[in-house]
Amino acid sequence: MPKVIYVSATGLHTVIEAGAGDSVMEAAVRNGVPGIDAECGGACACATCHVMVSTDWLSRLPPAAEAERTMLEFAVDPQPNSRLACQIRLTAELDGLVVHTPVSQR
Amino acid sequence: MGQNVNRNVVIVGAGHAGASAALQLRQNGWQGAITLLGAEGELPYQRPPLSKAWLKGAVSFDGVVLRKAEVYQQQGIALRCGCRVVALDRGAKVVVLSDGARVPYDVLILATGSRPRDLPVPDAGLDGVVTLRTVADADGLRSRLGSTGRLVVIGGGYIGLEVASAARALGRDVVVVEREARLLARVASPEVSDFYAALHAARGVDLRLSAAVEAIGGRDGRVTEVMLTDGTAIPADTVLVGVGAIPESALAEAAGLACQDGIRVSSTCGTDDPDIYAIGDVSRRPLPFNGGAGRLESVQNALEQARQVAASLCGLPAPAPEVPWFWSDQYEVKLQLAGLPGSEVHRVMRGVSAEGRFAVFHIGTDDTVRAVEAVNMPAEFMTGRQWIAQRRAVSPARLADVAVGLKDAAV
Ligand SMILES: Cc1cc2nc3c(=O)[nH]c(=O)nc-3n(C[C@H](O)[C@H](O)[C@H](O)COP(=O)(O)OP(=O)(O)OC[C@H]3O[C@@H](n4cnc5c(N)ncnc54)[C@H](O)[C@@H]3O)c2cc1C
Ligand code: FES
């Protein structure tokens, strides 16, 4: 079971035991972690699951597809380490992943 | 924080709107009791996947659930699934359950959603004639699509077309019967309708436009065919009726709340009873970017109204109005729409529909963007949605030219 650490804009850390195959978005939403709205439920259609991936983890993720890159470009305040949490599938190798949620998502 | 935060709120309907309102109230600091009553047996879940990934077996209930059961417990939300409200007693301020139990409220939020419209033709009640709203419906449809046979979809709206695309992916023969001269006639522009007609035809769907259903025929209680008014009989093993939804407003109507295709609400979701609110598909709400009022059936609307009612009850400032938006997935094509077109608009096409990447912008007489429909064009959707919120004017000529960057099309 991969663990994911969510860090809110105010510095609050939440550690979630994700189910294998869950996305970073699903693990957060189902467990009630605030800061990931995910209005479209993972359809890559809303960009309200925007997270910043801790830089030491960034290179270990599969690269973003074109649709995700475009959605991110137009998300609120995108950063070089921005990703859509619904597009990151959790695997055993990602155990301990750290992601930061932006101020814009309640 | 308002003085209301210690009162007891009861939410009727544990769907996307009701569950989100309960969670948002806690996030906003509501301290009183929250009771969430839902007629369905399952935990609150998302419906959009039911006409998409669910039918292909690509997602399970865990993949559509909104929150795990523990989250409601941790948040002090008393969630009661399988619990139907049969009456409101506004004088006594109680809701009455089907077992006769009475649940008192200080504040009541009606979030009862909508239900599929019935087809007013003979024998629509045969076995094999189905609608799609709940996980139970989706399970039934999935198992029917798993065996061979022909699916006839009545109604070329989003749900019907999404089901058609999932059924083709499963290798089923599919016929779509639409009464209007084009698909998505009430909800999309002709350019988008034509694109989807060509897409479905190319994927082997047999489209019957301007075709009205006369009756549904069967043998031994099972459906066998759909008869059109022109005398054509279409053999069918399963018939999906997808002809729109009607608001679940019977409780409110019986209690004398003002209703007109939905429960009439204000911009803070208040009804004409100061202690009763209504949110989601069941409400008829003001449309801030268009003027007037209307009923919206979307996740965005359910979430926006959940935020509006929670802010209002907790005495917080009203959230900024959101631009309505929606999406649809068919085959590998993603449609994203924002805004509501309204009447005084002309349309500007950006991109080429034959290439499967285009956007239709709806522009007012003052050159401001009112709506956008984007097919496989997420940048146009995201930008268009911001322009609508900002009431931004654009140059139609530059917008139509894909060689001109989007940002340079705004004036
Ligand atoms: C197949 C399908 C696909 C969709 N796809 C999309 C999409 O791609 N994008 C999008 O934005 N939207 C989509 N929608 C629409 C979206 O799901 C709805 O707008 C949303 O669910 C509305 O939320 P709601 O809470 O108002 O209603 P619902 O989610 O319908 O919830 C209402 C709940 O109230 C319960 N209830 C009703 N009466 C009572 C009673 N008397 N007592 C107790 N409980 C009661 C019902 O059982 C139900 O569980 C889709 C809908 C369907 C059916
Ligand atoms: S949940 Fe909507 S884009 Fe990720």
Side-chain angles (χ1 to χ4, degrees), chain A residues 1 4 6 8-10 12 14-50 64-78 82 84-87 89-90 101 104-106, chain B residues 16 20 23-24 26-28 43 45-50 52-53 59-60 62-75 77 298-304 307 310-311 319 322 325-329 332 334-338 374 376-386 406-407:
Chain A
M1 294 281 216
V4 187
Y6 298 87
S8 78
T10 54
L12 187 77
T14 312
V15 183
I16 296 294
E17 292 270 351
D22 284 357
S23 70
V24 172
M25 177 280 284
E26 287 166 333
V29 170
R30 270 179 227 153
N31 290 292
V33 179
I36 298 188
D37 298 341
E39 302 208 339
C40 77
C44 198
C46 71
T48 63
C49 66
H50 177 193
E66 194 202 326
E68 180 187 344
R69 287 202 308 272
T70 312
M71 290 298 288
L72 276 169
E73 199 182 317
F74 293 91
V76 184
D77 200 14
S82 287
L84 292 180
C86 69
Q87 302 300 307
R89 285 274 150 216
L90 289 165
T101 56
S104 59
Q105 286 159 206
R106 293 143 278 203
Chain B
H16 220 126
S20 302
L23 293 156
Q24 190 68 50
R26 282 288 181 244
Q27 207 171 317
N28 289 3
L43 285 172
Y45 59 89
Q46 319 174 45
R47 299 182 199 282
L50 299 184
K52 307 175 181 83
V59 62
S60 64
D62 282 348
V64 301
V65 75
L66 276 168
R67 297 288 186 283
K68 287 185 179 166
E70 301 90 279
V71 174
Y72 299 97
Q73 272 161 27
Q74 284 156 9
Q75 297 290 318
I77 296 165
S298 68
V299 168
Q300 178 277 326
N301 174 66
L303 295 174
E304 179 182 25
R307 290 193 270 261
E322 295 174 23
W325 76 274
F326 190 80
W327 77 98
S328 176
D329 289 325
E332 66 295 334
K334 182 174 298 296
L335 173 66
Q336 291 161 290
L337 309 92
N376 286 337
M377 271 205 166
E380 276 67 8
F381 166 72
M382 292 296 276
T383 308
R385 196 169 124 192
Q386 283 159 19
L406 261 184
K407 296 220 158 84

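Protein chains get the first letters and strands the later ones, always in sequence-line order, with residue 1 at the start of each. Excluded from the calculations below are hydrogen atoms, water molecules and symmetry mates; all remaining heavy atoms, backbone and side chain alike, are included. Source: prediction; values computed, not measured.
With a 4.5 Å cut-off on non-hydrogen atoms, Phe381(B) touches chain A through its side chain but not through its backbone. Both the backbone and the side chain of Val65(B) come within less than 4.5 Å of a heavy atom of chain A. The parts of Lys68(B) that come within reach of chain A are both its backbone and its side chain, each placing non-hydrogen atoms under 4.5 angstrom from that chain. Heavy-atom distances place no part of Glu70(B) under 4.5 Å from chain A, backbone and side chain included. Neither the backbone nor the side chain of Gln75(B) has a heavy atom closer than 4.5 Å to any heavy atom of chain A.
A pairwise comparison of heavy atoms in Leu66(B) and Val29(A) identifies O-CG1, 3.6 Å as the closest pair. Residues Val71(B) and Gly32(A) come closest through the heavy atom pair CG2-N, 3.8 Å.
Side chains of Trp325(B) and Cys46(A) form a contact here, defined as non-hydrogen atoms less than 4.5 Å apart.
The NZ atom of Lys334(B) sits 8.5 Å away from atom CE of Met71(A), with the distance rounded to the nearest 0.5 Å. The structure places CZ of Phe74(A) at 12.5 Å from CZ of Arg385(B), a figure rounded to the nearest 0.5 Å. Atom CG of Leu43(B) sits about 11.5 Å away from atom CZ of Arg30(A), to the nearest 0.5 Å. Atom CD of Gln46(B) sits about 9.0 Å away from atom SG of Cys40(A), to the nearest 0.5 Å.
Comparing Asp329(B), Asp62(B), Asn376(B), Leu23(B) by how many heavy-atom pairs each has under 4.5 Å with chain A, the most go to Asp62(B).
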